[in-house]
Amino acid sequence: MTDQTLHPIWKLDLAEEGVIFDEPTFSVRDNKSGESIGLLGMEWFLGRLTTSTTQTVLYDVRVRAAKPPTVGRWSKDAELG
């Protein structure tokens, strides 16, 4: 077991206005402040679902880290971490 597996899991609030997750670059950007942060160095999880029109929709972004990323509103996942 590595130290990283002991860290909590943080969930990004995708409903937060002005905060966008860019899947191709795995980064979170705050359009209000101009700040962005890449998630590639972290253990991350993406949740997707396919709608009845066969469109794939991103619905969940989570990372495992000692502290939440500094861009966006993150909450500790009560179920997983």
Side-chain angles (χ1 to χ4, degrees):
M1 183 179 297
T2 66
D3 287 342
Q4 191 167 6
T5 59
L6 300 176
H7 293 314
I9 295 175
W10 301 92
K11 182 177 178 179
L12 176 62
D13 181 358
L14 290 172
E16 183 181 359
E17 189 173 328
V19 173
I20 297 170
F21 174 72
D22 182 46
E23 192 169 349
T25 62
F26 290 98
S27 62
V28 178
R29 178 175 175 81
D30 183 335
N31 285 335
K32 294 176 188 173
S33 69
E35 290 181 276
S36 67
I37 187 169
L39 304 179
L40 284 178
M42 301 179 186
E43 182 180 354
W44 47 266
F45 310 88
L46 300 179
R48 296 184 182 93
L49 61 88
T50 303
T51 65
S52 59
T53 60
T54 66
Q55 178 183 9
T56 301
V57 178
L58 178 70
Y59 71 91
D60 197 20
V61 176
R62 299 174 196 225
V63 298
R64 183 181 293 278
K67 296 180 181 178
T70 56
V71 176
R73 184 171 44 231
W74 297 81
S75 59
K76 194 179 289 187
D77 189 313
E79 295 176 16
L80 298 176

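Bear in mind the structure is a predicted one, so any value in this text is a computation, not a measurement. All heavy atoms count here, side chains included; hydrogens, waters and symmetry mates do not.
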Does Arg64 use its side chain to pair, donor to acceptor, with the backbone of Pro8 at less than 3.5 Å?
no
Quick one: does Arg29's side chain have a donor or acceptor within less than 3.5 Å of a partner on Gly34's backbone?
yes
Do Asn31 and Val19 have side-chain heavy atoms sitting under 4.5 Å apart?
no
Go through it in stages, so that I can follow the logic: the residues are Leu14 and Val61, the test is side chain to side chain contact (heavy atoms under 4.5 Å, CB included), and I'd like the CA-CA distance, side-chain angles, deciding distance and then a yes or no.
CA-CA 8 Å; Leu14 290 172; Val61 176; 4.2 Å; yes
d(Asp60 CG, Leu12 CG) to nearest 0.5 Å is 9.0 Å
OG1 (Thr25) and CG (Leu39) are apart, to the nearest 0.5 Å, by 8.5 Å
Rounded to the nearest 0.5 Å, what separation is found between the CZ atom of Phe21 and the CG atom of Leu46?
5.0 Å
Exercise answer: donor-acceptor pairs, residues 67-74 side-chain atoms, under 3.5 Å, sequence neighbours excluded:
from: Arg73; atom 1: NE; to: Asp13; atom 2: OD2; distance (Å): 2.9
from: Arg73; atom 1: NH2; to: Asp13; atom 2: OD2; distance (Å): 2.7
from: Trp74; atom 1: NE1; to: Val71; atom 2: O; distance (Å): 2.8

NZ of Lys32 to CD of Glu17: how many Å apart, nearest 0.5 Å?
5.0 Å
Roughly how far, to the nearest 0.5 Å, is CD1 of Ile37 from CG of Asp30?
12.0 Å
Not counting sequence neighbours, which residues clear side-chain hydrogen bond (donor to acceptor under 3.5 Å, both in side chains) with Glu35? List them please.
Ser33
Minimum-distance pair of heavy atoms, taken over all atoms of Phe45 and Ile9
CE1-CD1, 4.3 Å
